[in-house]
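Just so you know, these numbers come straight off a predicted model, no measurement behind them. The analysis underlying the following values was restricted to heavy atoms, covering all of them including side chains, and did not include hydrogens, waters or symmetry mates.
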Amino acid sequence: MLNVLVPWLPAARRRGLTREHIFLLGVLGATSFFDGYDTAIHTIALTQIRDTFGLTKGAASALFAVVFLGALPALVITRYADRVGRRRMLILSVFGYTLWSGLTAIAPNPFWFTTTQFMQQVFLVAEGAIVWTMAAEELPAASRGFGFGVLAMNNSLGFGLAAIVFGGFLEPAGISWRWMYVTAIPPLVFVAFLRRRLPESRRFLAAQERGSLAERWHEILRPGVRRWLILVVVTTFLTQLVTQAGPFTIDFLETDRGVSATVANFMLVFAGLPGIPLMVWAGALSDRFGRRLVGCACALASVVGALGFFWLPGGVPVLLPMMSLTLVGQLGAWPVLQTYTSELFPTALRSSASSWANLAGVLGRSGSLAAAAPLLAVFSQSMTATLLGIGPLIAIVMFAMLFPDTHGRELEELSGEELAIAATLIP
C-alpha cells in the first residue's frame, strides 16, 4: 500500500537511502505538491479569471507580470534561512502562501487579485528555494539528482490534480474558479506537522557551529562565488522567457483552436503524464551520466515540441503529442538543471543562491509576460511564443559549454567549502 502512495519508495531503497532520508524527501515532496497545486490555478483557470475581471489577454499578461515580482521580497525570507535556519523559514513560507491563497478566493477586483497573488508569490518563491536547499544538503551525493526528480514530480502531481479538479469537476458544473483557492487552504494543517517533525539541515547546523554563516547579504558576490551566481541567474532568466506560453496554453486551445475548457484541461493532464515518472528517471540518469547531457537533451526536446504545438496544423491528434513532448522535455530538464543552483554554492550562501535563481526565474517570467503584452498586439500567440523561445535556446548552449558536471561529488568539494573547513582544522 505504501509503495502505491509513494511510488518512488522502492527506487529510494535500492539507492540505499536511509529512513531519515526517505522521511525528509517525503515531507519536502508534500510541500512541493502543495506548491504545484497553488501555482497551477492561474494557468488552468486563466480564461475564467479574465472573464470575471473583464481582462484582455494583454491586460492579463501585464497583471501576472506584476504578480511574479513577488520574488523580490522573497529574498529577505531566504536570506534569513541562511542565518536562522531552513526549518523555521520553511514553516513560515508554507503558512504565508496558504494564507494569501485563501484571501485570493474573495478578490472583488483585479487590484485585490493582483495584491494577494503578489503576496502569495513572495512565500511560494521562498518555499521553493528552501525546499531544494534542504534536499541538496541532506541527500547523499550519488542521489541528489534522484531526490530533485522526486521533488519536481510531486510539484507536477500537484499541478495535475489542480487541472483535474477544475477541468473535470468545477468548470463543467459552472462552479467559480475561486473555489480552487479555497481548496488550497488545507495545507495549513501541514504546518503543525512540520513544526513537530521536520529536522533542521545538518549542514546548516555544522556551519552555524563553526561560525561560518554569511554575515552580510553581499558575500554571495565575492570572487569564486560570483561567477556561478551570474551564470545561474542569466541561464535561469533566459529559460523563463518562454513562460508566457505556459499560462496561455489553455487559453490558446480554447480561443484559437476551439477546444472546450474540459478537453483543454484534460489534454494538459494527459500530455504531462509521461513526464511525471521521467522526472525521477531523468534525475537518476543525471546522477550517472551528468547534468549537462541529460538536462540539455530534455530542454531541446521541449523546444521542438513547443514549435510543433504552436505551428503544426491539425486538431487534438496533432496538438496532444506536441504538447506532451513540450511538457515531458520541460519536466525532464527542470529537476536536472535546477541542481546547479544548490550544488555550486557553500552552505552559508546556498539558500540565498536558490532565492537569487528563483528571483531571476520570476523576473524572466515577469519579463516574458510584460514583453508579450505589446507583442500580442502585433503578432499571433504562436509568433509571440516563438520569439520568446529564443531565450531557452541560448540558455541550453550556455549550460552545455559553461557549466561543470557535478554528479557524484560532495557539495563541499563543488563549492570549495572543503578547503575552507580543512583550513579551520589546521592548528
Side-chain angles (χ1 to χ4, degrees), residues 71-86 89 125-126 128-130 132-137 141 144 148 201-240 290-292 295-296 336-364 391 394-427:
L72 287 167
L75 283 169
V76 176
I77 298 176
T78 51
R79 173 69 188 114
Y80 272 99
D82 278 336
R83 296 191 64 183
V84 304
R86 322 307 194 196
M89 292 297 103
V125 169
I130 297 169
W132 287 71
T133 296
M134 292 188 73
E137 291 179 344
R144 281 198 303 269
F148 287 150
S201 162
R202 286 172 292 184
R203 276 189 166 93
F204 173 82
L205 292 175
Q208 188 179 53
E209 186 176 344
R210 293 193 306 269
S212 61
L213 298 179
E215 294 295 328
R216 304 182 188 282
W217 71 268
H218 52 73
E219 288 187 36
I220 201 168
L221 300 177
R222 71 189 186 213
V225 178
R226 183 171 58 236
R227 176 176 185 268
W228 298 126
L229 180 66
I230 292 172
L231 283 174
V232 165
V233 164
V234 171
T235 51
T236 302
F237 178 86
L238 289 172
T239 58
Q240 296 302 318
R291 317 298 191 211
R292 289 184 298 174
C296 290
V336 174
L337 299 178
Q338 175 82 2
T339 60
Y340 284 121
T341 303
S342 300
E343 291 179 328
L344 297 174
F345 298 89
T347 301
L349 299 169
R350 191 166 292 121
S351 186
S352 294
S354 293
S355 188
W356 276 98
N358 278 338
L359 171 61
V362 169
L363 289 177
I394 297 173
I396 291 171
V397 174
M398 292 181 67
F399 276 119
M401 299 184 66
L402 302 177
F403 281 76
D405 269 325
T406 57
H407 60 294
R409 300 166 65 187
E410 292 294 343
L411 297 179
E412 288 75 14
E413 177 191 355
L414 292 167
S415 65
E417 202 170 3
E418 191 174 54
L419 296 176
I421 294 173
T424 65
L425 298 177
I426 297 175

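- Checked by atom type and distance alone, the side chain of Arg291 never pairs as donor or acceptor with a backbone atom of Leu337 at under 3.5 Å.
- Between Ile394 atom CD1 and Thr235 atom OG1 the span is 12.0 Å, to the nearest 0.5 Å.
- Judged by distance alone, the side chain of Ser342 and the main-chain N or O of Thr339 form no donor-acceptor pair under 3.5 Å.
- Here Arg222 contributes atom CZ and Leu349 contributes atom CG; the two are 5.0 Å apart, rounded to the nearest 0.5 Å.
- Note that CZ of Arg350 and CG of Leu344 are 9.5 Å apart. Values are rounded to the nearest 0.5 Å.
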Between Arg79 and Leu75, does the side-chain contact (heavy atoms from CB on, under 4.5 Å) criterion hold? Intermediate values first, please.
CA-CA 6 Å; Arg79 173 69 188 114; Leu75 283 169; 6.0 Å; no
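- We find the CE-CZ distance between Met134 and Arg202 to be 10.5 Å, quoted to the nearest 0.5 Å.
- Considering every non-hydrogen atom in both Val233 and Ala360, the closest pair reads O-CB, 3.4 Å.
- Atom CD of residue Glu137 and atom CG of residue Leu205 lie 9.5 Å apart, to the nearest 0.5 angstrom.
- Without hydrogens or angle criteria, Asp405 side chain to Gly290 main chain gives no donor-acceptor distance under 3.5 Å.
- For the pair Gln338 and Phe148, the minimum side-chain heavy-atom distance is 4.5 Å or more.
- In summary, the side chains of Thr406 and Arg409 do not present any donor paired with an acceptor at a separation below 3.5 Å, with no hydrogens or angles considered.
- Contact record, Ala348 with Ser212: CB-O, 3.2 Å, taken as the closest heavy-atom pair.
- Listed here is the closest heavy atom pair of Val225 and Ile220: CG1-O, 3.4 Å.
- Put simply, the side chain of Thr78 does not reach to within 4.5 Å of the side chain of Met89, judged on heavy atoms.
- Annotation for Met398 and Leu231: closest pair CE-CD2, 4.0 Å, computed over non-hydrogen atoms.
- Taking all atoms of both residues into account, the shortest heavy-atom contact from Phe399 to Arg292 is O-CD, 3.3 Å.
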Please walk me through it: do Thr341 and Trp356 pass side-chain contact (heavy atoms from CB on, under 4.5 Å)?
CA-CA 9 Å; Thr341 303; Trp356 276 98; over 6 Å; no
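- Of all heavy-atom pairs between Thr347 and Arg203, the closest is CG2-O, 3.5 Å.
- A donor-acceptor distance shorter than 3.5 angstrom exists from the side chain of Thr239 to the backbone of Thr236, with no hydrogens or angles considered.
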Run Arg83 and Leu213 through side-chain contact (heavy atoms from CB on, under 4.5 Å) and show every step you take.
CA-CA 7 Å; Arg83 296 191 64 183; Leu213 298 179; 5.7 Å; no
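- The CD1 atom of Ile130 sits 11.5 Å away from atom OG of Ser201, with the distance rounded to the nearest 0.5 Å.
- Panel note: side chain Tyr340, backbone Trp228; no donor-acceptor pair is recorded below 3.5 Å.
- Checked by atom type and distance alone, the side chain of Ser351 never pairs as donor or acceptor with a backbone atom of Asp82 at under 3.5 Å.
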